[in-house]
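Model, not experiment: these values are computed from the prediction. Note on naming: letters A, B, ... go to the chains in the order of the sequence lines (proteins, then strands), and numbering restarts at 1 for each one. No hydrogens, no waters, no symmetry mates; every other heavy atom, side chains included, goes into these values.
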Amino acid sequence: EPEVTQTPSHQVTQMGQEVILRCVPISNHLYFYWYRQILGQKVEFLVSFYNNEISEKSEIFDDQFSVERPDGSNFTLKIRSTKLEDSAMYFCASSEAMTDTQYFGPGTRLTVL
Amino acid sequence: RKEVEQDPGPFNVPEGATVAFNCTYSNSASQSFFWYRQDCRKEPKLLMSVYSSGNEDGRFTAQLNRASQYISLLIRDSKLSDSATYLCVVSDGGFKTIFGAGTRLFVKA
């Protein structure tokens, strides 16, 4: 069964450093998403991406965040200057159609020290 | 009002019990509705989509009431393996998806 993969599974970084989280969505999916989940809190929408551009973003997704699909398979989330409060689990998801089921990757746990 | 609101839980039930979860959403233009389950420190996994006609998958039944902006999930004959957090998820028909805070279920032997 096809699945969404994410790397790394755990990333530790110093405050102020840049991090890039990587995702490989399911191959025939056209819609891509990033979410974050701070420990003990709910899953929060960050951004959706379709046709090589951002479709929608939340108020959390400020100028320090960016997304990119650098090639035909990868989908990345970059955090330019990490803050302590960026520590969270980051989930990538993909779907075949806009209102279709989203399939989630296993997540990247980001720890900012 | 929260965009997606769920029973706060946790629910503690014995094996074999029937348990019902409720969810309300605020955006009347919402298009798609789902129940996901999330195990501790894992990714959300689709349990079932929710349709206006209601749908059933084995021991699980989901209902949608658009007029009341209300979604429900019924689990019959609870198993130990059903212990998880159940997430109500609503899509606005655009590109934004909103998760509820989740309802924790503990099924005990």
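Around the NZ atom of B/Lys108, the shell of radius 6.0 Å holds more than 12 heavy atoms that belong to other residues, nucleotides or ligands. The environment of CG in A/Asp63 is sparse: at most 12 heavy-atom neighbours from other residues, nucleotides or ligands sit within 6.0 Å.
Nearest heavy atom pair, residue A/Phe45 against residue B/Thr97, reads CB-O, 3.4 Å.
Taking the side chain as every heavy atom from C-beta outward, A/Val43 and B/Tyr36 never approach each other to under 4.5 Å. Counting heavy atoms from C-beta on, the side chains of B/Glu43 and A/Val4 never come closer than 4.5 Å.
For a residue to count as touching a neighbouring chain, one of its non-hydrogen atoms must lie under 4.5 Å from one of that chain's; by this rule B/Ser49 touches chain A with the side chain only. Interface residue A/Tyr31: only side-chain heavy atoms are found under 4.5 Å from chain B.
Note: the hydrophobic cluster containing A/Val19 also contains A/Leu77 (ILVMFWY, side chain heavy atoms under 4.5 Å, direct or indirect links). A/Met89 and B/Val89 end up in the same hydrophobic cluster when Ile, Leu, Val, Met, Phe, Trp and Tyr side chains are linked at under 4.5 Å. Cluster annotation: A/Ile79 and A/Val67 are assigned to the same hydrophobic cluster (Ile/Leu/Val/Met/Phe/Trp/Tyr, side-chain heavy-atom contacts under 4.5 Å, transitive). B/Phe33 and B/Leu47 fall within a single hydrophobic cluster, where Ile, Leu, Val, Met, Phe, Trp and Tyr are joined by side-chain heavy atoms under 4.5 Å apart, directly or via other members. B/Phe34 is not connected to A/Phe32 by any chain of hydrophobic side-chain contacts under 4.5 Å among Ile, Leu, Val, Met, Phe, Trp and Tyr, and they are in different clusters.
The closest side-chain donor-acceptor pair between A/Gln37 and B/Gln38 falls under 3.5 angstrom.
Taking NZ of A/Lys42 as the start and OG1 of B/Thr85 as the end, the distance is 14.5 Å to the nearest 0.5 Å. Note: A/Asp100 CG to B/Leu46 CG = 9.5 Å, rounded to the nearest 0.5 Å. Taking NZ from B/Lys96 and OG from A/Ser58, the interatomic distance works out to 6.5 Å, rounded to the nearest 0.5 Å.
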Would you tabulate the side-chain donor-acceptor contacts of residues 13-28 of chain B under 3.5 Å, counting partners in other chains and residues two or more places apart, or write 'none'?
unit_1, atom_1, unit_2, atom_2, d
B/Asn22, OD1, B/Tyr70, OH, 2.4
B/Asn22, ND2, B/Asp7, OD2, 3.4
B/Asn27, OD1, B/Ala29, N, 2.9

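Among residues 102-112 of chain A, the residues having any heavy atom closer than 4.5 Å to a heavy atom of chain B are, in sequence order, A/Gln102, A/Phe104, A/Gly105, A/Pro106, A/Arg109.
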